[in-house]
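Before any comments, here is the structure.
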Amino acid sequence: MTETMAEDQARTAPITRAAAGEPLWIRLLRRWGTIAVIVLTGIGFSFASEWFFSFSNFNNILFSMIVSCLVSMGLTYVVIVGSFDLSVGLCVTTTSIICAFMVPILGPWLAILVALMFALVIGLVNGVLVTYGRLSGIVVTLGMMFVLGGINIYLTGGYQVAIGYEETAFRYIGQGQVPLFGLKVAIPVILLLIVFLAAHLLATKTKVGHYIVAVGDNPMAAFYSGIKVYHWVIVAFMLSAFIAGIGGVILTSISSSAQPVGSAGYLLEAFAAVFLGATVLGKGKPHILGTLLGVFFIYMVNSGMNMVGFPYAARQLFAGLVLILAVGANAMLNREEIHLKFI
Amino acid sequence: MTGELLVEARDIVKEFSGTMALKGVSLSFKRGEVHGLLGENGAGKSTLIKILTGVYSLTSGQILLGGEPVKISSPLDAHNMGLGAVYQDVELVSGFTVGQNVVLGNEAGGLLVNQAEDHREVQAIFDEIGIKIDISRPASTLSAAETQLVALATLFHRKYKLIVLDEPTARLSAGEVDLLFSLIHKFQAQGITIIYISHRLGEIKKICDRITILRGGLISATLEHAEITEERVTELMVDRSKKDLETYNEGHATDDVVLEVQNLSADGLAPLSFTVRAGEVLGITGPVGGGMEKIGRVLGGIIPYDGMVSLDGDVVAIDSPSRSRRAGFALVPEDRRKQALFPNLSFAENVCLPVLDSLTRFGLIRRNLEISYADSVMSRLSVQPRQPSKLIKFFSGGNQQKAVIGKWLKVEARVFIFVEPTSGVDVGAIKEIYDIILHIAAEGAAVIVISSAIQEIMSLAETVLVIHDGRAVHSAPKRECSHDQLLALSMGARSRDAA
């Protein structure tokens, strides 16, 4: 029996060593590193520019990041489930165009419903092709990107679709403000926070999020556990498109118009935010809260550098370096035995 | 203890692209019995249970559950019918906690995940069955043995009628095996049927009410508990018909020691020493997961080791696959699909990979040289059809294995290591692969064959080493070994009887 125990100890020894033997500072850095960088950058800008640390600038940053943040949160689900969605940017513009066309015909609420339904169909098609169609997520959503781009030009002829001034109810979604604790807060910022809360709870507290994480982590184990793997992959794609669609509706209302172009920026920012967000709290995997902070960081740096007077080129350069450094530092801290994944 | 029939399989046939894994198997499992399933590698045990649990579909035949014919087309179907399994290579969701893994797919409550509730439930199960693992630990920190125990606990959480345990003790220590057995008795007391697959006869005798022995895709016999003896089981397991067809290595060893290994140890492998001479084939056997496969992984530079390895008298450090290859080792790994072949490249591209330098002109690969080289490899290894440009994934298992060996034919390796060289290879190709291996030895290389199939070791080896529970338990020239003795050793009969 003693021999057995010695053997048991020998089996578990390397594991405990890996968990407890690692220095405290590495553990702290892994967990809080990204958040520390965000806070320190914020403090730095506050010293560099007198206008940076103010409620109105905070509100501005939040306001400017709304659409990007929604797209990124949707994309987070797809990356969690282990795939890619390159069509999120175009999902925003196509939903926006459909919404803008439908508002005068159906009234604001039905128009929003139709636009969001369309977004869900995009996600459904992506999801079904990736699972039952056995196609790669990159290929399917790249194809979807071109298809939606074509639909956009076909519907609009390349011109913007304006929303009339009389659509006050619809414009209120993007342009209204409500007083909150004596401060004026934009309605879309409140909508963003509501969607964030819902998405965060869905991902962390419900079976939907739970199964999406399980499938993304180890699809084989999920399959053997009797989980409907395809089902949850499709759900992740539909969530991605749906939340991007909400972004499209809000964008239409904010700008009182729909633009057929300009989707590429959302896509690139979303990917940057998701991978930056994966390093938040040392999780190493994308999560909704991390994505929110990731988008916030990108927009905060943009705003700060703008105030300090850096040119656009420098801002782009900085954003790229931060992304590579943050994700690279995280990979160094979570070193795998053999690294053979290059996607 | 046992009652009416729970599951009945009738004339089950399973064909994998031309290879018959099961050739009409009929057997039944009673409610509340522990039914052992035995057979050598490739006898069809895994295929049979994967059909029962919906992982594979059957080519023909019928499965009856409680007398009613059923169609099990996915693990979810099996799960809903109350059929569950823990496979040998069990996997967990590494980012989830132990508790979350136990209830995965079967969580309490409606839409919301109630982690506190789930954890409480899992803690109750762990307390009841006596597993002492912190349920809030992430699954990624579990050892192999702990992973196995957690997987067993998941069975407790589900209301299964039949549970398949595939080599459940391969990764467990003796104390954990006792725990497993008490679990099995608890399942049994609840009227749950257990299908118990193992290579270890001691366990089989201890725990099983009946056993069925498979041989070459057919049922050899079903024995009651009282009939289970070592002699009878080994006799029924051995495929006598296969023996006649196979080659026998008379021995080509010279006096030159090529490989010398001293006090080699790794995680799960106690220090061991051996030498292999030029022309010698060392056969290493033992139970799957018993440590023998680690030797191949160490010499291939895949896992770290302690001890000394010398080649032709010089000490070599093999800390990566590329250094192992440069030192003169050629590893033909077990899982050729994952570890040795590029399925979407052609036969020619696969076999030419290690020798590309000799097939180039001005740094560019000459396609015609590649094809003619591949053609010569194919003719030497008698690969039919002789189509070097066809994608490797469209070749049969035997031909794929020949391609893996073909990769190393012209490489000047001193030591060839073959791990399970004929697993998944059709019978006709087995003899050809044996001839190739013996030919490589005859040309003066040192050869190590690591295989759980005793018959293979008896055919190929000149010297035999048996590894059990990470230790070398037997080492002798093959002439002094018998098939039954090796089988008993690798099933741990001797050490079990002593315990």
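Naming convention: chains lettered A, B, ... in sequence-line order (proteins, then strands); numbering from 1 in each chain. Given the structure is predicted, the values throughout are model-derived calculations rather than measurements.
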Completion exercise
Between B/Val93 and A/Ala214 the two heavy atoms that sit nearest each other are CG1-CA, 4.0 Å

Practice task
For the pair A/Ser225 and B/Arg158, evaluate side-chain contact (heavy atoms from CB on, under 4.5 Å) and give the outcome as yes or no after the intermediate values.
Solution key: CA-CA 11 Å; A/Ser225 300; B/Arg158 300 176 180 187; 4.1 Å; yes

Handout entry: Options B/Val55, B/Asp77, B/Asn114, B/Asn80, ranked by heavy-atom pairs under 4.5 Å with chain A, top entry
Key = B/Val55

Fill in the blank from the handout: dist B/Asp118:CG -> A/His210:NE2 (nearest 0.5 Å) comes out at 7.0 Å

Problem - Working for side-chain contact (heavy atoms from CB on, under 4.5 Å), residues A/Asn218 and B/Leu92 - result: CA-CA 7 Å; A/Asn218 189 341; B/Leu92 298 176; 5.9 Å; no

Practice task
Locate the shortest heavy-atom distance separating A/Asp217 from B/Gly95; write the atom from each residue and the value.
Solution key: OD2-N, 2.6 Å

Problem - B/Leu112 portion near chain A, given a 4.5 angstrom heavy-atom threshold - result: both

Practice task
May I ask you to name which of A/Thr206, A/Thr204, A/Leu201 has the most heavy-atom pairs under 4.5 Å with chain B?
Solution key: A/Thr206

Completion exercise
If one checks every heavy atom of B/Asn106 against chain A at 4.5 Å, the contacting part turns out to be backbone

Handout entry: Interatomic spacing from NZ in A/Lys228 to OG in B/Ser74 - rounded to 0.5 Å
Key = 9.5 Å

Problem - Residue pair A/Lys207, B/Val113: steps toward the side-chain contact (heavy atoms from CB on, under 4.5 Å) verdict - result: CA-CA 5 Å; A/Lys207 287 187 185 171; B/Val113 175; 4.0 Å; yes

Problem - Side chain, backbone, both or neither of A/Phe223 within contact of chain B (heavy atoms, under 4.5 Å) - result: both

